[in-house]
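See structure below.
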Amino acid sequence: MATKSKASEMADHYIGLLADWAEVTRKPLFGAIALRRNDLVFGMIWKGGLYFKTDEQSVQEYDAASSGKLGYTTNEGESRALKSYAEVPPEVSEDDEKLCEWAETAYQAALNSAARS
């Protein structure tokens, strides 16, 4: 029997915690696992971290918590960041109620982003 990766286990964990908030699905996305609600990506599991979609307002809370942006290295060795995804602080990811509140904010940011596209 194949063992689950750490990222897969994390995705299952957070999907379970968010189950009372909404139906969350997952999908592999460029080496990460995207967390989706109604086919909109609002979160990502990447290299052991949980990242949520941000907008101009919500990013301030992440910045205040010194959260990093979702970063990666290109094949050429250049560091890049997806500035619209920030790591969920431990005090949020470890509190079910706060996690759902921040997930809703991330989902709203995804909705607003999709509406502008």
Considering only distance and modelled atom types, tabulate donor-acceptor pairs under 3.5 Å from the side chains of residues 30-38, sequence neighbours left out.
{"residue": "R36", "atom": "NH2", "partner": "D39", "partner atom": "OD1", "Å": "2.9"}
{"residue": "R37", "atom": "NH1", "partner": "E104", "partner atom": "OE1", "Å": "3.0"}
{"residue": "N38", "atom": "ND2", "partner": "Y107", "partner atom": "OH", "Å": "3.0"}

Are [X] and [Y] grouped together when hydrophobic residues (ILVMFWY) are joined by side-chain heavy atoms under 4.5 angstrom apart?
| X | Y | value |
| --- | --- | --- |
| L40 | I15 | yes |
| V24 | I45 | yes |
| V92 | M10 | yes |

* Asked: Which distance, rounded to the nearest 0.5 Å, do you find between the OG of S93 and the OH of Y14?
  -> 4.0 Å
* Rounded distance (nearest 0.5 Å) linking atom OG1 of T54 with atom CD of E61 -> 11.0 Å
* Would you say E78 has more than 12 foreign heavy atoms packed within less than 6.0 Å of its CD? -> yes
* May I ask you to check whether over 12 heavy atoms, not counting those of E101, lie within 6.0 Å of atom CD? => yes
* Kindly state whether the ring of F42 and the ring of W21 have centres lying under 6.0 angstrom apart. => yes
* Just by modelled atom types, is the E87 backbone N or O under 3.5 Å from a matching donor or acceptor in the S67 side chain? -> yes
* Asked: Which atoms form the tightest heavy-atom contact between G68 and Y51, and what is the distance?
  -> O-CE2, 3.9 Å
* Structure fact -> Quick note, salt bridge (charged side-chain N to carboxylate O under 4.0 Å, His left out) partners involving residues 91-100, not counting sequence neighbours, are none
* Could you give all pairs that pass the salt bridge (charged side-chain N to carboxylate O under 4.0 Å, His left out) test and reach residues 13-29, with sequence neighbours left out? -> D12-R26
* Audit row: L18, C100, side chain to side chain contact (heavy atoms under 4.5 Å, CB included) steps and yes/no -> CA-CA 6 Å; L18 295 170; C100 289; 4.0 Å; yes
Of all residues at least two apart in sequence or in a different chain, which pass the side-chain hydrogen bond (donor to acceptor under 3.5 Å, both in side chains) check with [X]?
| X | value |
| --- | --- |
| S84 | K53 |
| N75 | none |
| Q60 | none |

* Close side-chain approach of Y85 and W46, heavy atoms under 4.5 Å -> no
* Are the side chains of L99 and L50 in touch, meaning some heavy atoms are under 4.5 Å apart? -> yes
